[in-house]
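Taking it in order: structure first as structure tokens, then the write-up.
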Amino acid sequence: MDSTGYGDWIRDFETARRERAGQGDPDWRTGVPLHPAIRRSVQRFQVGEDGDGAELITKAEAAGDAEYASAVRMFVAEERNHARLLALLLASGGAPTIASHWSDRTFVTLRRALGLRLELLVLMIAEVVALRYYRALRDGGEDALTREVAGRVLADEERHVPFHCHRLRRALRPLPAPARVLVTSGWRAALAAACLVVAVDHGPALRRLGVGRGRFAVEVVRSSGPIAAAMR
């Protein structure tokens, strides 16, 4: 990707959008009722994907880089599409979405109270946890539709993490090297704490998906090392 601007990222988002349009939606008629533990888990992740992204877009526009702001709008559009796909997955199995969940309210409150750099660090906690969650849902889902939806969301999240790393690397670059290490070490500690909360909250679903709380937490924390290095 372009090491200075965001033109390559914009083209990447546009390519993904065209591919989604050509692929079309999954066949929702194939849906089956989700196991109650997985249903509750998907409902909570769907709420997390369902924000309008207005605060992040506003902060990106205020940063004064039109290309970056455009890329952020494309990122937010993909997140909204994730919420749509998960809502339709739930509906195909006869399950509703939920209005809110305490974990999402906590993340949103933290993000809105912070500037762009710190908001992205908080957002990256959710993104890295989501990588492992959607991989578990793709690999351990009990029906083809669940696996397909999870795979589509995961493919986007695998692009989102390096996109945010790119911005954070630029944002942290002016700091002295020890300060960058301190910031990313603090981020990893916060990620570990958040991951433990998610592992407990979604434990029954993770067991059903063949992962389990402990393995989920260990693998998320382990994956954060290379990501923190990329931020630095």
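Residues: numbered from 1 along the sequence shown. Because the structure is a prediction, the values reported are computed rather than measured.
- The two residues Ser41 and Ala205 come nearest to each other via the heavy atoms CB-CB, 3.5 Å.
- Taking CZ from Arg11 and CE from Met74, the interatomic distance works out to 10.5 Å, rounded to the nearest 0.5 Å.
- A salt bridge links Arg20 with Glu78: at least one charged nitrogen is closer than 4.0 Å to a carboxylate oxygen.
- Counting all heavy atoms, side chain and backbone alike, Arg180 lies closest to Leu172 at CD-O, 3.2 Å.
- Contact of the Leu191 side chain with the Ile227 side chain is not registered, since no non-hydrogen atoms from C-beta on lie closer than 4.5 Å.
- The pair Asp12-Arg159 counts as a salt bridge, with a side-chain nitrogen and a carboxylate oxygen less than 4.0 angstrom apart.
- Atoms CZ and CG, from Arg39 and Leu89 in turn, are 12.0 Å apart once rounded to the nearest 0.5 Å.
- Tyr68 and Ala60 make their closest contact through CE2-CB, 3.8 Å (heavy atoms, listed as atom of the first residue, atom of the second, distance).
- Residues Val221 and Val128 do not share a hydrophobic cluster, defined by chaining ILVMFWY side chains whose heavy atoms lie under 4.5 Å apart.
- Considering only heavy atoms from C-beta on, Val220 stays 4.5 Å or farther from Val198 through its side chain.
- Residues satisfying the ring-ring contact (aromatic ring centres under 6.0 Å, His included) criterion with Tyr133, sequence neighbours excluded, are Phe45, His202.
- Between atom CG of residue Leu90 and atom CZ of residue Arg40 there is a gap of 12.5 Å, rounded to the nearest 0.5 Å.
- The hydrophobic clustering, which links ILVMFWY residues whose side-chain heavy atoms are closer than 4.5 Å, places Leu168 and Val161 together.
- Considering OG1 of Thr15 and CD1 of Ile10, their distance stands at 11.5 Å, rounded to 0.5 Å.
- Every residue two or more places apart in sequence or in another chain was checked for a ring-ring contact (aromatic ring centres under 6.0 Å, His included) with Phe216, and none qualifies.
- For Leu88, the side chain to side chain contact (heavy atoms under 4.5 Å, CB included) partners two or more places apart in sequence, or in a different chain, are Asp25, Trp28, Arg84.
- Across all their heavy atoms, Met231 and Cys165 have their closest contact at CG-SG, 4.1 Å.
- Taking the side chain as every heavy atom from C-beta outward, Gln43 and Gln46 never approach each other to under 4.5 Å.
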| task | Walk me through it: do Asp143 and Thr146 pass the test side chain to side chain donor-acceptor pair (under 3.5 Å)? | result | CA-CA 6 Å; Asp143 65 276; Thr146 296; 2.7 Å; yes

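- Within the 4.5 Å cutoff, the side chain of Val76 has heavy atoms near those of the Arg80 side chain.
- Considering only heavy atoms from C-beta on, Trp187 stays 4.5 Å or farther from Leu118 through its side chain.
- Taking hydrophobic clusters as Ile, Leu, Val, Met, Phe, Trp and Tyr residues chained together by side-chain heavy-atom distances below 4.5 Å, Met124 shares a cluster with Ile57.
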| Could you walk me through whether Arg147 and Asp139 pass the side chain to side chain contact (heavy atoms under 4.5 Å, CB included) check? | CA-CA 7 Å; Arg147 294 192 296 271; Asp139 296 345; over 6 Å; no

| field | Pair Leu120-Glu127, side chain to side chain contact (heavy atoms under 4.5 Å, CB included): steps then yes or no | value | CA-CA 10 Å; Leu120 288 177; Glu127 294 284 282; over 6 Å; no

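- Residues satisfying the side chain to side chain contact (heavy atoms under 4.5 Å, CB included) test with Arg208, not counting sequence neighbours, are His35, Ile38, Glu142.
- Taking each heavy atom of Arg117 and Ala171 in turn, the nearest pair found is NH1-O, 3.1 Å.
- Leu209 and Leu196 sit in two unconnected hydrophobic clusters of ILVMFWY residues. Membership requires side-chain heavy atoms under 4.5 Å apart, directly or through other members.
- Salt-bridge check for Arg73 with Glu61: passed, with a basic side-chain N closer than 4.0 Å to an acidic carboxylate O.
- The side chain to side chain contact (heavy atoms under 4.5 Å, CB included) test applied to Arg207 returns Pro204, Arg213, not counting sequence neighbours.
- Here the OG atom belonging to Ser70 is positioned 9.5 Å from the CZ atom belonging to Phe13, to the nearest 0.5 angstrom.
- None of Glu158, Glu219, Glu157 except one satisfies the salt bridge (Lys or Arg N to Asp or Glu O under 4.0 Å) rule with Arg132; the exception is Glu219.
- Residues Ser223 and Leu131 form no side-chain contact, since every pair of their non-hydrogen atoms from C-beta on lies 4.5 Å or further apart.
- Within the 3.5 Å criterion, the main-chain N or O of Thr184 finds no donor-acceptor partner in the side chain of Arg232.
- To the nearest 0.5 Å, the span separating CG on Asp156 from CG on Asn81 amounts to 7.0 Å.
- Under the ring-ring contact (aromatic ring centres under 6.0 Å, His included) criterion, His160 pairs with Phe75, His82, not counting sequence neighbours.
- Closest heavy-atom contact between Thr97 and Ala87: CG2-CB, 3.7 Å.
- Here the side chains of Leu145 and Ser92 are in contact, with some heavy-atom distance below 4.5 Å.
- When side chains are defined from C-beta on, Arg167 counts as touching Tyr6, because their heavy atoms get closer than 4.5 Å.
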